Amino acid sequence: MIDFKKEIADVLSRKMETMNEKEILDMIEIPPNPQMGDFAFPCFKLAKAFRKAPNAIAQELSETIGQSELFEKIQNEGPYLNFFIDKRTYAKTVIEDVLYQGEKFGSSQLGAGKKVIVEYSSPNIAKPFHIGHIRTTVIGHALKKIHQFLGYETISINHLGDYGTQFGKLIVAFNNWGNAAEVEAEPIPALLKLYIKFHEEAEKNPTLEDEARLWFKRLEEGDEEALKLWQWFRDESLKEFNRVYDMLGIEFDSYAGESFYSDKMPRVLEIMEKKGLLKESKGAEIVDLEPYGMPPALIRKSDGSTLYITRDIAAAIYRKEHYDFYKNIYVVGAQQNLHFQQWIKIIELMGNAWAKDCIHVPFGMVALEEGTMSTRKGRVVFLEDVLRKAVERTKEIIAAKSPNLEDKDEIAKQIGIGAVVFQELSNSRIKDYTFSWDKTLTFDGETGPYVQYTHARASSLLRKAEVDFKEGADYSLLSNEDAMHLIRMIQQFPSVIEDAGRKYEPSIITRHIVDVAQAFNKFYHDCPIIVEDKELQRARLSLVYAAKQTIQNGLDLLGISAPERM
RNA sequence: GUUUCCGUAGCUCAGUAGGAUAGAGCAACUGCCUCCUAAGCAGUAGGCCGUGGGUUCGAUUCCCGCCGGGAACACCA
């Protein structure tokens with residue numbers, strides 16, 4: 001595809017020898033209104049160097065740049081130099097690019113030869129998979145797909161919370177009040193009940209906490225009874241998690257959780273020791289981070305056992321040695337900002353220059369209308385319930401609107417689950433939000449079903465096509481504003497993907513495919529596609545195809561299906 | 001208390017590596033299915049971009065203060 005920005009930068013750089021093409025390229029922007037042009041070059045920054053008013057510079061440039069086939073016109077408006085791309089060229093370039101690339105449209109080789117680790121989801125064993133887990137799960141999955149699309153090799157890791165004092169608690173609870181049959185029958189609810197019970201009892205009897213710590217220490221030392229229970233809890237929990245992952249269409253390359261690193265800790269402690277990082281404090285060992293404006297990091301408890309942070313350090317070192325990553329990305333809630341700052345700093349202090357390649361991608365909290373979610377208090381909304389209800393709701397709508405649809409159940413699944421995922425990926429990661437059934441089950445406006453519906457509409461048109469639109473369309477027939485607006489949206493898709501990757505922000509893609517869908521629906525509404533005039537039909541269908549493919553590629557990156565009918 | 005994030009239309013949110021008139025969706029009101037899927041399209045209404053300074057030719061965007069809200073801050077993860 002012709003890179004319009006680059007062409008413009010090329011033209012401009014020949015006129016201004018003091019600036020290199022890269023600088024110019026970065027200055028080129030898209031005007032707020034298409035009537036102002038397709039691309040704009042603001043001249044403010046040149047004022048000093050040229051000792052002239054920006055307006056005058058823009059005017060001079062507009063007069064000296066010769067016409068070419070690429071541009072319909074180049075004109076200045078105040079301090080801006082506005083470029084109008086020849087409409088036929090614009091349409092042809094964009095549509096043919098999509099035709100040629102298909103499912104690859106928007107992809108790049110930016111990350112070729114580089115390996116990126118994405119850690120996400122990471123639920124705690126023996127605890128329910130609730131609505132609070134959806135963010136890390138779907139954001140992480142999207143980031144993995146985005147990086148793949150940008151040419152990176154990716155490794156997805158589900159860093160299971162399968163270790164820690166919580167297992168001591170569970171063992172204590174199971175031994176005191178547990179019942180094997182109950183756990184076999186309904187593992188997570190039974191284990192959750194035990195967990196809640198433990199906390200209730202521990203409030204009355206604090207020695208239970210010590211007992212739990214002792215059991216965890218035994219587990220760390222390889223005690224047989226502890227290990228057996230732990231393995232059992234883990235297996236049963238994973239079965240349940242996989243049910244949700246199946247619904248979401250998510251798989252991981254590795255399930256190496258916290259326990260995986262349990263034997264890699266001593267070496268890490270040794271290095272820290274050697275570097276003189278460890279300090280004794282109140283019987284425990286810490287790293288003093290005061291010089292870096294952070295509270296101290298507790299590395300080893302007074303009873304000798306390790307903590308979360310030690311395991312994260314060990315995990316990062318292991319991953320560097322094992323995968324030699326270009327980037328090591330963690331999709332973990334913003335509550336853990338300090339934790340990440342601390343351990344990444346410690347990695348750096350241990351002498352690892354790659355510490356800067358460990359990237360925490362934080363996101364905001366999910367609350368319920370009745371308050372913060374709390375597993376201990378049993379105040380949770382299960383993710384599986386949310387997904388199931390969304391599918392049920394979709395079935396009702398299909399029954400009302402498309403009673404003759406084939407494969408109703410499969411499509412309802414695609415739409416219902418897609419709606420939940422889409423909503424999750426529509427807002428900036430960092431914002432907190434309150435879960436609401438109402439909002440989750442609404443399918444109008446800027447929602448997943450809206451975008452999927454648009455895709456289905458486009459697909460329907462392509463099925464009805466009476467001409468071969470894949471070749472030789474007369475793109476000058478697409479010069480009306482509705483068509484051009486849609487073409488511009490499609491043109492922006494590749495740079496949107498890059499932006500989303502650079503910012504670790506899938507919502508940029510979500511937002512953009514809504515824009516594409518809106519532009520398509522307007523075009524659809526105003527311009528009949530299957531018309532008598534076969535040349536016009538061919539041209540319009542080619543644009544329908546490009547829009548459909550763009551939406552499909554966008555949805556795919558978000559981990560959402562694009563049904564052909566609905 | 002310290003650190004950190006957030007504050008844009010009634011509600012939910014875009015927009016900001018400084019740039020032209022701040023945009024959607026929902027809710028409200030009004031139109032459009034003898035016409036390719038109305039899960040749609042169009043229109044009306046709705047804004048001191050929390051607030052006060054500063055930097056700049058230019059600030060919703062950057063810096064500082066204040067107000068309001070969230071989160072984190074040693075033997076949990």
Side-chain angles (χ1 to χ4, degrees), chain A residues 26-27 29 31-33 36 40 42 44-45 47-48 53-54 77-80 82 122 124 127 161 163-166 168-169 209 212-213 216 258 281-286 293-303 305-309 311-312 332-339 341-342 362 364-365 367 372 394 397-398 400-402 405 415 419 426-428 430-434 436 438-439 442-454 456-461 463-465 502-503 507-508 511 514-515 517-518 521-522 524-531 537 540 544 565-566:
Chain A
D26 287 341
M27 284 169 70
E29 48 191 61
N33 184 328
M36 297 168 174
F44 304 99
K45 291 196 175 78
K48 259 190 194 144
E77 200 168 316
Y80 291 89
N82 291 336
S122 312
N124 286 330
K127 287 195 196 167
Y163 221 55
T165 315
Q166 50 173 335
K169 293 179 183 175
E209 297 273 3
R213 272 192 284 274
F216 173 55
E258 292 172 20
S281 169
K282 296 177 192 166
E285 288 183 78
I286 62 157
M294 285 183 260
L298 187 60
I299 300 296
R300 183 145 57 172
K301 298 191 263 185
S302 40
D303 71 0
S305 62
T306 58
L307 290 119
Y308 180 45
I309 193 164
R311 288 191 285 278
D312 263 340
V332 178
Q335 298 102 299
Q336 297 194 28
N337 278 347
L338 175 61
H339 171 255
Q341 280 169 23
Q342 285 183 321
M365 285 222 320
T372 319
T394 309
I397 295 176
I398 289 176
K401 301 196 183 209
S402 323
L405 189 66
I415 297 170
S426 343
N427 294 345
S428 312
I430 201 67
K431 302 249 178 172
D432 294 342
Y433 84 102
T434 304
S436 126
D438 243 23
K439 215 185 158 191
T442 296
F443 296 168
D444 298 326
E446 297 169 328
T447 64
Y450 169 79
V451 174
Q452 289 172 319
Y453 177 73
T454 308
R457 267 181 155 179
S459 304
S460 165
L461 289 171
R463 283 194 299 272
K464 294 196 162 103
R502 194 176 51 244
K503 294 177 178 162
S507 68
I508 295 174
R511 296 269 160 196
V514 168
D515 290 342
Q518 283 175 339
N521 282 320
K522 187 162 169 49
Y524 175 91
H525 188 264
D526 295 347
C527 306
I529 315 296
I530 310 299
V531 289
Q537 184 183 141
R540 287 184 174 166
V544 169
R565 300 167 205 260
M566 62 187 272

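Note that the coordinates shown come from a computational prediction; the quantities given were computed from them, not determined experimentally. Order of the sequence lines sets the chain letters (A, B, ...), proteins ahead of strands, with each chain counted from 1.
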Inset, instruction - Would you state whether a donor and an acceptor, one from the side chain of A:Ser302 and one from the base of B:C75, lie under 3.5 Å apart? - result: yes
Inset, instruction - Please determine, for the side chain of A:His525, which listed nucleotide (B:C76, B:C41, B:C57) has the closest atom? - result: B:C41
Inset, instruction - With the side chain of A:Ile430 defined as its heavy atoms from C-beta on, choose the nearest nucleotide among B:C5, B:U37, B:G40. - result: B:C5
Inset, instruction - Check whether any side-chain nitrogen or oxygen of A:Arg311 sits under 4.0 Å from OP1 or OP2 of B:A77, and answer yes or no. - result: yes
Legend entry - Short side-chain donor-acceptor distance under 3.5 Å, A:Ser305 and A:Asp303: yes
Legend entry - Spacing of the P atoms in B:A28 and B:C11 (rounded, Å): 16 Å
Inset, instruction - Could you check which of B:A39, B:C75, B:A71 has an atom nearest any side-chain atom of A:Phe443? - result: B:A39
Inset, instruction - Look at the side-chain N and O atoms of A:Lys464 and state whether any lies under 4.0 Å from the OP1 or OP2 oxygen of B:C36. - result: no
Legend entry - Between B:G1 and B:C13 - P atom distance, rounded Å: 28 Å
Inset, instruction - Using atom NZ of A:Lys127 as one end and atom P of B:C76 as the other, report the distance to the nearest whole Å. - result: 13 Å
Inset, instruction - Any strand is fair game: report the nucleotide pairing with B:U56 by Watson-Crick or G-U wobble, both distances under 3.5 Å, or none. - result: none
Inset, instruction - May I ask you to evaluate whether A:Tyr450 reaches the phosphate of B:C41, defined as a side-chain N or O under 4.0 Å from OP1 or OP2? - result: yes
Inset, instruction - Please state the P separation for the pair B:U44 and B:C35 - nearest whole angstrom. - result: 28 Å
Legend entry - Heavy-atom donor-acceptor pair, A:Ser281 side-chain to B:A74 base, under 3.5 Å: yes
Legend entry - Counter-base of B:C32, judged by Watson-Crick or G-U geometry with both distances under 3.5 Å: B:G40
Inset, instruction - Take the protein atom NZ of A:Lys45 and the nucleotide atom P of B:A20, then report the distance between them rounded to whole Å. - result: 12 Å
Inset, instruction - With heavy atoms under 4.0 Å as the rule, sort A:Met566 into base, sugar-phosphate or nothing. - result: base
Inset, instruction - Examine B:G70: is either OP1 or OP2 under 4.0 Å from a nitrogen or oxygen in the side chain of A:Lys431? Give yes or no. - result: no
Inset, instruction - Figure out the NE2/P separation between A:His339 and B:A72, and round it to whole Å. - result: 14 Å
Legend entry - Base of B:A20 paired with side chain of A:Asn82 (donor-acceptor, under 3.5 Å): yes
Inset, instruction - Return the minimal non-hydrogen interatomic distance between A:Ile430 and A:Ala334, and the atom names on each side. - result: CD1-CB, 4.4 Å
Legend entry - Which atom of A:Val514 lies closest to which atom of A:Tyr450, heavy atoms considered: O-CE2, 4.3 Å
Legend entry - Out of B:C36, B:G25, B:C75, whichever nucleotide has its closest atom nearest the side chain of A:Leu461: B:C36
Inset, instruction - Using the C1' atom on both, measure B:G46 against B:C29 and round to a whole Å. - result: 12 Å
Inset, instruction - Report the distance from atom OH of A:Tyr453 to atom C1' of B:G40, rounded to the nearest whole Å. - result: 5 Å
Legend entry - Inter-nucleotide C1' distance (B:A38, B:A20), Å rounded: 37 Å
Legend entry - Interatomic distance, A:Arg511 atom CZ to A:Ser428 atom OG [nearest 0.5 angstrom]: 7.0 Å
Inset, instruction - Check every atom of B:A20, B:A77, B:C36 against the side chain of A:Leu307 and return the nucleotide holding the closest atom. - result: B:A77
Legend entry - B:U8 versus B:A22 - spacing of their C1' atoms, nearest Å: 8 Å
Legend entry - Between A:Phe216 and A:Tyr163, ring centroids under 6.0 Å: yes
Legend entry - Selected nucleotide, minimal atom distance to A:Glu258 side chain, candidates B:U37, B:A77, B:C75: B:A77
Inset, instruction - May I ask which nucleotide in the shown strands pairs with B:U61, Watson-Crick or G-U wobble, both distances under 3.5 Å? - result: none
Legend entry - Under 3.5 Å on both distances, the Watson-Crick or G-U partner of B:C26: B:G10
Inset, instruction - Using the C1' atom on both, measure B:U2 against B:A74 and round to a whole Å. - result: 16 Å
Inset, instruction - Using a cut-off of strictly less than 4.0 Å, decide whether A:Ser428 has a side-chain nitrogen or oxygen near OP1 or OP2 of B:A14. - result: yes
Legend entry - Any strand: nucleotide that pairs with B:C73 via Watson-Crick or wobble, under 3.5 Å: B:G1
Inset, instruction - Taking syn as within 90° of 0 and anti otherwise, name the glycosidic form of B:C5. - result: anti
Inset, instruction - Tell me whether the OP1 or OP2 atom of B:A77 has a side-chain N or O from A:Thr165 closer than 4.0 Å. - result: yes
Inset, instruction - Look at the side chain of A:Tyr308 and decide which nucleotide, out of B:U37, B:A77, B:C41, has an atom nearest to it. - result: B:A77
Inset, instruction - Look at the side chain of A:Pro32 and decide which nucleotide, out of B:C36, B:C26, B:A20, has an atom nearest to it. - result: B:A20
Legend entry - Any A:Asn521 side-chain nitrogen or oxygen under 4.0 Å from OP1 or OP2 of B:C41: yes
Inset, instruction - Considering just the side-chain nitrogens and oxygens of A:Arg502, establish if one lies under 4.0 Å of OP1 or OP2 belonging to B:A17. - result: no
Inset, instruction - Could you work out which one of B:A77, B:C75, B:C36 sits closest to the side chain of A:Lys301? - result: B:C75
Inset, instruction - Write down the distance between CD1 (A:Ile529) and C1' (B:C36), rounded to a whole number of angstrom. - result: 7 Å
Legend entry - Contact under 4.0 Å: A:Ser460 side-chain N or O vs B:C36 OP1/OP2: no
Inset, instruction - Return the value, rounded to whole Å, for the distance between atom CG of A:Asp438 and atom P of B:A27. - result: 11 Å
Inset, instruction - Searching all strands shown, indicate the nucleotide that pairs with B:A45 (Watson-Crick or G-U wobble; both distances under 3.5 Å). - result: none
Inset, instruction - Taking atom P in both B:G53 and B:U60, compute the distance separating them and give it to the nearest angstrom. - result: 13 Å
Legend entry - Proximity to the side chain of A:Asn427 - top-ranked nucleotide from B:G40, B:G15, B:U12: B:U12
Inset, instruction - Quick one: label A:Gln336 by what it contacts on the DNA or RNA (base, sugar-phosphate, nothing), any heavy atom closer than 4.0 Å. - result: base
Legend entry - Short side-chain N/O contact from A:Arg511 to OP1 or OP2 of B:G25, under 4.0 Å: no
Inset, instruction - Specify the separation, in whole Å, of atom CG of A:Asp526 and atom C1' of B:C36. - result: 14 Å
Inset, instruction - Quick one: look up who B:U21 pairs with, Watson-Crick or G-U, both distances under 3.5 Å, and put none if it's unpaired. - result: none
